[in-house]
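Worksheet: one structure, shown below.
So that the names make sense, note that chain A is the first sequence line, chain B the second, and so on, each numbered from 1.
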Amino acid sequence: MPEKVRVRFAPSPTGSLHIGGARTALFNLLYARHNNGKLILRIEDTDTERSTEESTLQILRSLKWLGLDWDEGPEKGGDFGPYFQSQRLDLYKKEVDGLLAEEKAYYCYCTPEELSQRREEALKAGKPPKYDGCCRKLTPEQRKKFEAEGRKHTIRLKMPEEGQTVVDDLIRGRVVFDNSVLDDLIIVKSNGIPTYNFACVIDDNAMKITHIIRAEEHLSNTPKQVQAYLALGYDIPQFAHVPMILAPDRSKLSKRHGATSVEEFRDQGYMAESIINYLTLLGWSPEGTEEIFDMEKAIKEFTLDRVNKTAAVYDVKKLTWINGHYMREMDLGYVTEQTIPFMIKKGIITEQESKDKFDYIKKIVEVSRDRAKTLDELAHTVAFFFKDVTEYEEKGVRKHFSKENAVKLLTLGADALEKLDHFTHDKTEETFRNITADLGLKAAEIIHPTRLAITGRTIGPGLFDIIVLLGKEKTVERMRKAVKWIGARHQSY
RNA sequence: GGCCAUAUCGUCUAGGGGUUCAGGACGCCGCCCUCUCACGGCGGUAACGGGGGUUCGAAUCCCCCUAUGGCUACCA
C-alpha cells in the first residue's frame with residue numbers, strides 16, 4: 001500500500017522568490033499533482049536576523065501569481081500547522097529535551113569567535129576545519145563554571161565518529177559520506193532557536209513529508225540531517241536533489257545578474273504561463289520533443305527520473321521566445337487583460353479607459369501581438385493608437401518622407417480616404433492601390449510614408465489594420481499633419 | 001584545504017554499449033511569404049572536456065586528470 005505523497009516547498013523569507021526557488025516549488029507541485037499528493041508550504045523563518053514579513057508576503061504573492069497553489073500552509077491552514085517555523089518552537093524544544101536526556105545532544109559553550117579562530121588555525125595548518133568536539137565531554141563542574149561565567153550555549157548533535165551515512169537520492173542515486181567528515185551539528189542556536197538543518201527534520205517528520213525535493217545545495221547537508229532523523233527515531237523520507245539554476249556566467253544567481261526574481265520578470269512583461277513553461281524545461285525534459293507545456297500537461301508527464309543532474313544556466317532569450325509564443329497563442333481577451341496594466345503604467349491609457357474601450361484595445365492587441373515578445377513591449381508599440389504622433393523616426397524620414405512624391409501621395413491618400421464611406425480594411429486598401437496603380441507606382445510607395453505619418457514609425461502592423469482601427473478622422477488628420485511637417489522641413493533648408 | 005555532485009552544439013536538452021560520422025528547442029545565418037517589422041514555412045551553422053582502460057564495438061561502463069557547481073555558518 002503506497003503511502004500518500006506529501007511534498008513541501010520550504011522557502012526562507014529572506015528575499016524575493018527567485019527563479020531557482022520557483023523552479024523547486026514547481027517541481028514539488030508537479031510531483032504532488034502527478035501522484036495525487038499534497039503540496040505543503042512551510043516558511044522557514046528561523047533566521048530571526050534576516051527573515052522579514054515583507055519577504056514572506058512577496059514569496060506568497062509570487063507563488064500565487066505563478067499559479068503554484070499549495071494545499072496546506074500559510075493562508076490555507078491544514079492539519080499539521082502552524083506552517084511558520086517561528087511558531088513551532090515548543091515542538092522543537094520537546095524534541096531537543098529528549099535528545100539531551102538521551103545524551104545524543106550536548107551543550108556547547110564555545111563562542112563564535114573561538115570557533116572561527118580555531119577554524120582558521122586548522123585551515124592554516126592544512127587540516128579540515130572541523131569542530132573539534134571540545135564541549136562533547138564536559139564534566140558537570142566545567143559546565144557549571146561556564147554557566148557561572150555567563151557564557152551562552154548552543155546545543156549540538158553528536159555525530160557518529162565512524163562508519164558511513166548513505167543518502168539514497170532519487171535523482172543522484174546512492175551518495176555515501178564518511179561519518180568522520182561530519183561536524184557535530186548545531187541544532188539550537190545560542191538564542192534558543194533551532195537551526196534550519198534541525199528544524200526542517202522535525203517539521204518534515206511532523207508534517208508527514210514523504211519526498212523531500214529541493215535544490216542540490218542541500219545535498220551536502222543531508223547526511224547530517226539523516227543523523228538527526230536517526231537520533232530522533234524518525235523514518236527517513238525519500239530525497240531528490242534537483243540541479244541548481246546558474247546565472248549566465250555560471251555563477252550562483254544574485255542581484256548583479258539582472259532580473260532573477262519572479263516579480264522582476266513579471267514587471268518586465270513576462271506572463272506567468274511562460275515562466276512556468278520555461279522553468280518546466282529547465283532540468284526536466286519530456287519524452288517527446290514538444291516544448292510547449294502548460295501546467296496541466298506537465299503534471300501529466302512529470303516524473304523524477306526525467307529530471308537531469310546537471311546545473312542549468314538560464315537563458316532569457318528562450319524565455320522571451322516562449323513568452324512571445326504564449327502572447328500570440330493564448331486567448332485574445334486574456335492577453336489583452338494582461339497587457340492593460342502595462343499600458344496604464346506607461347500613461348497610454350487610464351484605468352477608466354481600459355474598461356470603457358476594452359473591446360477596442362482587444363482589436364489593437366489582435367493586430368499587434370505578433371510583433372511583441374513581452375507585454376511591456378506590446379504596450380509600447382501600441383501607444384500611437386492613443387497618443388498623437390509627435391515625432392517621426394529619423395530613418396523613416398530619410399527613406400520615405402524625403403522622396404519626391406511623398407507629399408503628393410500623402411495628400412492624394414488623405415483626400416481619397418476622406419471621401420470613403422465604407423471605412424474597411426478592404427476598401428481602404430483598394431483605395432490606396434488604385435492611387436498608386438494610376439500613377440504606375442507600387443503600393444509600397446504610399447504605404448510606407450502613410451505608416452510613418454500615422455504611427456511615427458517604419459515598423460508595425462499591416463497598414464490597413466492600423467488605418468481602420470485608428471479611424472478615418474485621425475488617419476486623415478495625421479497624414480495632413482505629416483504633409484505640413486515635410487513642407488516646413490523643406491523650407492528650412 | 002576537505003567532502004559531495006556534475007561534465008553532449010553559445011544556451012536548454014534527447015540519447016544510458018552497435019539502429020546516431022549524435023536528435024530536438026532557443027539563438028544566429030540564408031531563402032520563401034510580404035506594404036514594413038514580425039508571425040509562419042523551408043534550409044543551414046554548431047557539441048560528446050582530456051587521457052587511459054573494459055569490449056569485436058563506447059557519447060554511453062570503469063579509473064585518473066581537468067573544469068564547474070555545492071557544502072564545509074550559532075544562513076537557509
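Shown here, B:rC33 forms no base pair; nothing in the strands shown gives a Watson-Crick or G-U wobble contact with both key distances under 3.5 Å. Figure legend. B:rA5 is base-paired to B:rU68; pairs are counted as Watson-Crick or G-U wobble with both atom distances under 3.5 Å. B:rG16: no Watson-Crick or G-U partner with both key distances under 3.5 Å is found in any strand. Here B:rC48 sits opposite no nucleotide as a Watson-Crick or G-U wobble pair (both hydrogen-bonding atom distances under 3.5 Å). Base pairing of B:rU60 is not made with any nucleotide, judged by Watson-Crick or G-U wobble geometry with both donor-acceptor distances under 3.5 Å.
Using a 4.5 Å cut-off on side-chain heavy atoms (C-beta onward), A:Leu185 and A:Met159 make contact.
If you take CZ of A:Arg118 and P of B:rA73, they are 12 Å apart, rounded to a whole angstrom. Rounded to a whole Å, the CG atom of A:Leu279 is 21 Å from the P atom of B:rA25. One atom, NE2 of A:His325, and another, C1' of B:rG40, lie 12 Å apart when rounded to the nearest Å. Atom C1' of nucleotide B:rG16 and atom CD of A:Glu287 are separated by 14 Å, given to the nearest angstrom. As rounded to whole Å, 15 Å separates atom C1' of B:rC3 from atom CD of A:Gln227. Summarising the geometry, the separation between CD on A:Gln117 and P on B:rA73 is reported as 15 Å, rounded to the nearest angstrom. Separating the CD atom of A:Glu120 from the P atom of B:rA73 is a distance of 12 Å, rounded to the nearest angstrom. The CD-P distance, from A:Glu290 to B:rA14, rounds to 16 Å in whole Å.
Using cut-offs of 30° and 60° for the angle between ring planes, the A:His400 and A:His448 rings count as parallel. The aromatic rings of A:Phe401 and A:Trp485 sit tilted, their planes meeting at an angle between 30° and 60°. A:Tyr109 and A:Tyr107 have tilted rings, their planes meeting at an angle from 30° to 60° on a 0 to 90° scale. A perpendicular orientation is assigned to the rings of A:Phe265 and A:Tyr270, their planes being inclined by more than 60° (bins at 30° and 60°).
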Heavy-atom contacts, protein to nucleotides 4-13 of chain B, under 4.0 Å, summarised as B (base), S (sugar-phosphate only) or - (none) per nt, yield SSSS---SBS
Each nucleotide of nucleotides 34-39 of chain B classed B (base within 4.0 Å of a protein heavy atom), S (only sugar-phosphate) or -, in 5' to 3' order, makes -BBBBS
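We find that A:Glu113 and A:Arg118 are not joined by a salt bridge, their nearest charged nitrogen and carboxylate oxygen being 4.0 Å or further apart. For A:Asp184 and A:Lys158, the salt-bridge test fails: no basic side-chain N is under 4.0 Å from an acidic carboxylate O.
Looking at residues two or more places apart in sequence or on another chain, you find a side chain to side chain donor-acceptor pair (under 3.5 Å) between A:Asp178 and A:Gln164. By the ring pair (Phe, Tyr, Trp, His ring centres under 6.0 Å) test, A:His325 pairs with no residue at all, sequence neighbours left out. Taking the salt bridge (Lys or Arg N to Asp or Glu O under 4.0 Å) definition, one finds that A:Asp465 meets it with nothing, sequence neighbours left out. Qualifying side chain to side chain donor-acceptor pair (under 3.5 Å) partners for A:Ser285, counting only residues two or more places apart in sequence or in other chains: none. Legend: residues meeting salt bridge (Lys or Arg N to Asp or Glu O under 4.0 Å) with A:Glu217, ordered by chain and number and at least two apart, are A:Lys252. Under the side chain to side chain donor-acceptor pair (under 3.5 Å) criterion, A:Gln85 pairs with A:Glu44, A:Asp203, not counting sequence neighbours.
For the C1' atoms, the distance linking B:rC56 with B:rG17 amounts to 12 Å, nearest Å. The C1' atoms of B:rC12 and B:rG27 are separated by 11 Å, rounded to the nearest whole Å. Going from the C1' atom of B:rC61 to that of B:rA76 covers 38 Å, rounded to whole Å. Using C1' as the reference atom, B:rC9 and B:rC29 are 15 Å apart when rounded to the nearest Å. Between B:rG1 and B:rC21, the two C1' atoms lie 44 Å apart (nearest whole Å). Taking the C1' atoms as reference points, B:rG24 lies 16 Å from B:rG44, given to the whole Å. Distance noted for atom C1' between B:rA7 and B:rU60: 14 Å (whole Å). A gap of 10 Å separates the P atoms of B:rA46 and B:rA22, to the nearest Å.
Screening residues 306-316 of chain A for side-chain hydrogen bond (donor to acceptor under 3.5 Å, both in side chains), with sequence neighbours left out, gives no hits. The stretch residues 434-449 of chain A participates, sequence neighbours left out, in these salt bridge (Lys or Arg N to Asp or Glu O under 4.0 Å) pairs: A:Lys403-A:Glu445.
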Can you name the atoms? Protein N/O to nucleotides 74-76 of chain B N/O, anything below 3.5 Å, with the distance.
from, atom 1, to, atom 2, distance (Å)
B:rC74, O2, A:Ser190, N, 2.6
B:rC74, O2, A:Ser190, OG, 2.5
B:rC74, N3, A:Ser190, OG, 2.9
B:rC74, N4, A:Cys110, O, 3.1
B:rC74, N4, A:Pro112, N, 3.4
B:rC75, OP2, A:Lys189, NZ, 3.0
B:rC75, O2', A:Asp47, OD2, 2.5
B:rC75, O2', A:Arg50, NH2, 2.9
B:rC75, O2, A:Arg50, NH2, 3.2
B:rA76, OP1, A:Thr46, OG1, 2.6
B:rA76, OP1, A:Lys189, NZ, 3.1
B:rA76, OP2, A:Tyr196, N, 3.0
B:rA76, O3', A:Glu44, OE1, 3.3
B:rA76, O2', A:Ser12, OG, 3.1
B:rA76, N6, A:Asn221, ND2, 2.4

Close N/O contacts between protein and nucleotides 42-49 of chain B (under 3.5 Å):
none

